[in-house]
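Here is how names work: the chains are called A, B, and so on, in the same order as the sequence lines, proteins then strands, and each is numbered from 1.
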Protein chains: 2
Amino acid sequence: MTASANPGQRATIYSVADAAGVSIATVSRVFQGTSTVAETTRERVLSAADELNYMPLGAARSLAVSRHELLGLVLPELGGPYYSELLMGFESRASELGLGVIVVVTEGKPDPTRAIRQLMSRVDAVAVLGSDLDDAGLAQLATAKPLLSLAGAPGGAVPSMTAENVASAEELTRHLLDHGRRSLLFLGDPDAGADIAGRYAGFSAAHEAHGLVVPEPVRIGLQESDGAAFAAAYLTGQHSADALVCANDELALAVLAHLQDHGITVPDEVAVVGWDDVMAARYVRPALTTVRQPVHDLGALASERLHEHLGATTRSSASHDILPTQVVIRSSCGCTTSPPERHLP
Amino acid sequence: MTASANPGQRATIYSVADAAGVSIATVSRVFQGTSTVAETTRERVLSAADELNYMPLGAARSLAVSRHELLGLVLPELGGPYYSELLMGFESRASELGLGVIVVVTEGKPDPTRAIRQLMSRVDAVAVLGSDLDDAGLAQLATAKPLLSLAGAPGGAVPSMTAENVASAEELTRHLLDHGRRSLLFLGDPDAGADIAGRYAGFSAAHEAHGLVVPEPVRIGLQESDGAAFAAAYLTGQHSADALVCANDELALAVLAHLQDHGITVPDEVAVVGWDDVMAARYVRPALTTVRQPVHDLGALASERLHEHLGATTRSSASHDILPTQVVIRSSCGCTTSPPERHLP
DNA sequence: CTGTTAGCGCATTCAT
DNA sequence: ATGAATGCGCTAACAG
């Protein structure tokens, strides 16, 4: 065991310099690799450091270089694969860039804005998803540090990045329409978020392209319980439809299961489609037709964009990136009953 | 808009003190609430700070108080609901305790140990899950900062916290045995992790209690693809069993789907059970019998325990907490076909 | 190649 | 109730 008894305190750059018989500058150099150090002294420093189990203090370094080397990620919650994927992409790329990531989940927090402000005092830049802050609020925060709005409304004052919603929603809806479905219902509240608004916009566009009146959205939440409630209402005949376009897979799965439990056959009597391509989507029968989003890439690109902004002295004009999505046709739309694909997540 | 034009630089405690006509000590006091300040000056400081959009620099504060007010969480990956739940619990409680959290995902990282060491230089304490570090490696890291091993082998040199595995595995297995199944197979590699080892131990114990020989484990991975491969092998008759105890739900779901796709009826011909109670577990048909773990609580307790250790000067002897789990009986074990419950995740 | 020195921004005694 | 001064541990000129 190399770590010798530590005399109560953790080693600092001074103790290492002492032990190695060099100055702190040299110690700093061998650890930063910032300048060339004689091989012999280098080894002496390294072994001294190892002996003392030395580890540079992040805070001190941050203060000196006036950079935290930390990115912040603000998420509304962490349920479902969406946010996890995003976080993975974000963390992965950040790590490659030599940056750590602090995550804060706003759901259930008394004062999200305060939490975000506090976060911003310890990171170099922040990506924010959801967290019902209006554009003005974001813009305010963005004055302090680079800030990127994720899956929000593009075109605001702050830079944003989001997956494509309108076109894929239109494609999905058209698919249903093309196969003879005529009474579609959109499940989800367009006011609940920019992404849902976009999906409803595409839903509407497809209807208009077909010369059909656009059905009002069924404004419900995205939880399983909301799907259950809708299904119950549907069974009583409160709604009439031959296709249900659900704002996400959670909702679609809940609706699907409840309908089937009560003898409705999907897709024969009614088609059900969703969004996100969660794992369960390919395991249920009929397998769920849905829209796959490049969530991992979204996260990775976000930390990359943030990293770019760190170097730049002048903040360039707000960029608004839109990543392409992919409609995944399976069986729940009534389109195919061929053996479902099996692939890794 | 209160934020006045910032002269290029971000406000510091000095600029605020200047603007308010006080010393930096006073500014610090009003922000820390550490001492009583005259109401009038207090207001002056606050308005000056607001004017300048002042925000104390985390690194400087950390350096001064020699505390990061940050916890680290090391996860092998983020797929599935398990890690997300854990992270949510961890972050949630940490936040309540006034601590932020840095997460690092080891999967795909060239040098996980280095990443962890780097992490430890910016946090006050760390919880580690998986990351194939042996107990010695963990112990080594634990000399620097409080460290908690999650879902690892209890009893090591470092404090640990894990969900109960053995007893629930035994219960689950006994359940199968009691209902007449006699040829069970354990799918998963006990050497791949302490939790899987525990599950196999329970599986074994149940067999022994019934006076049966313990089948060798089928040592496969936990991915969908592993389940697919096993199912293919099973279909060719390479394995014979009337019940498959899968080390997690991913595996169970993949096996279930593949078997069904090829005409095997579950649970009639063969029962399939898993672990984790992922969302898909209640949506597939037959609904999956599985074991629910208190993952959220695990995370919350972890940050709580870590927080406790921060205050303590003397490191108390390594604690080993084991949280109870719950066997969730559904249909895939052949036990019931009653309408499955529907509840929030 | 290596040592000296001056901050980085804040919390915190110790005076007043 | 407030100010002055010191130090936290490290990096980065600047000398040598």
Enquirer: Could a donor-acceptor pair under 3.5 angstrom be found where the side chain of A/Tyr14 meets the base of D/dC10?
Expert: yes
Enquirer: When you measure from the side-chain N and O atoms of B/Thr12 to the phosphate of C/dG9, is any distance below 4.0 Å, counting only OP1 and OP2?
Expert: no
Enquirer: Let's test your reading of the model: under 3.5 Å, does the base of C/dG9 pair with the side chain of B/Arg10 as donor and acceptor?
Expert: no
Enquirer: Of the candidate nucleotides C/dC1, D/dC14, D/dG3, which contains the atom at the shortest distance from the side chain of B/Val22?
Expert: D/dG3
Enquirer: What nucleotide, of D/dA12, D/dT11, D/dG3, holds the atom closest to the side chain of A/Gln32?
Expert: D/dT11
Enquirer: Among C/dT4, C/dC10, D/dC10, which nucleotide has an atom closest to any side-chain atom of B/Ile13?
Expert: C/dC10
Enquirer: Output the rounded distance in Å from CD (A/Glu39) to C1' (C/dT2).
Expert: 15 Å
Enquirer: Under 3.5 Å, is there a donor-acceptor pair between the side chain of A/Arg44 and the main chain of A/Ala20?
Expert: yes
Enquirer: Tell me what B/Ala38 touches on the nucleic acid: a base, only sugar-phosphate, or nothing, going by heavy atoms under 4.0 Å.
Expert: sugar-phosphate
Enquirer: Please determine whether a side-chain nitrogen or oxygen atom of A/Ser28 lies at a distance below 4.0 Å from atom OP1 or OP2 of D/dC10.
Expert: no
Enquirer: Between D/dG9, C/dT5, C/dT2, which nucleotide gets closest to the side-chain atoms of A/Ile24?
Expert: C/dT5
Enquirer: Atom CZ of A/Phe31 to atom P of D/dA12: distance rounded to whole Å?
Expert: 15 Å
Enquirer: Quick one: label B/Ser62 by what it contacts on the DNA or RNA (base, sugar-phosphate, nothing), any heavy atom closer than 4.0 Å.
Expert: nothing
Enquirer: Measure CD/A/Glu43 against P/C/dC1 and give the value in whole Å, please.
Expert: 14 Å
Enquirer: Taking the side chain as everything from C-beta on, heavy atoms only, tell me whether A/Ile102 gets closer than 4.5 Å to A/Leu71.
Expert: no
Enquirer: Between A/Glu96 and B/Lys109 (salt bridge meaning N to carboxylate O under 4.0 Å), is one present in this structure?
Expert: no
Enquirer: Would you indicate which nucleotide in D/dC10, D/dC8, C/dC1 comes nearest to any side-chain atom of A/Pro56?
Expert: D/dC10
Enquirer: A/Leu57 CG to D/dG7 P: how many Å, rounded?
Expert: 18 Å
Enquirer: With salt bridge (charged side-chain N to carboxylate O under 4.0 Å, His left out) as the criterion, how do A/Asp124 and A/Lys145 come out once you've worked through the C-alpha distance, each side chain's angles and the decisive distance to 0.1 Å?
Expert: CA-CA 7 Å; A/Asp124 298 317; A/Lys145 304 252 172 104; 5.6 Å; no
Enquirer: Would you kindly compare A/Ala64 and A/Val37 by the position of their nearest DNA chain C nucleotide and give the one closer to the 5′ end?
Expert: A/Val37
Enquirer: Please determine whether a side-chain nitrogen or oxygen atom of B/Thr36 lies at a distance below 4.0 Å from atom OP1 or OP2 of D/dA1.
Expert: yes
Enquirer: Which of these nucleotides, C/dC1, D/dC14, C/dA11, is closest to any side-chain atom of B/Val65?
Expert: C/dA11
Enquirer: Choose from C/dG9, C/dC10, C/dG3 the nucleotide whose nearest atom is closest to any side-chain atom of A/Ser23.
Expert: C/dG3
Enquirer: Please confirm whether the shortest side-chain N or O distance from B/Ser35 to OP1 or OP2 of D/dA1 is below 4.0 Å.
Expert: no
Enquirer: Could you state the atom-to-atom distance from CG of A/Leu63 to P of D/dA12 in whole Å?
Expert: 12 Å
Enquirer: Can you see whether B/Gln32 engages B/Arg61 through a side-chain donor-acceptor pair at a distance of less than 3.5 angstrom?
Expert: yes
Enquirer: Tell me the interatomic distance from B/Arg29, atom CZ, to C/dT13, atom C1', rounded to whole angstroms.
Expert: 10 Å
Enquirer: From CE of A/Met55 over to C1' of D/dC8, roughly how many Å is that when rounded to an integer?
Expert: 18 Å
Enquirer: If I take atom CZ in residue B/Arg67 and atom P in nucleotide C/dA11, what distance separates them, rounded to the nearest angstrom?
Expert: 11 Å
Enquirer: Less than 4.0 angstrom between a side-chain N/O of A/Thr26 and OP1 or OP2 of C/dG3, yes or no?
Expert: yes
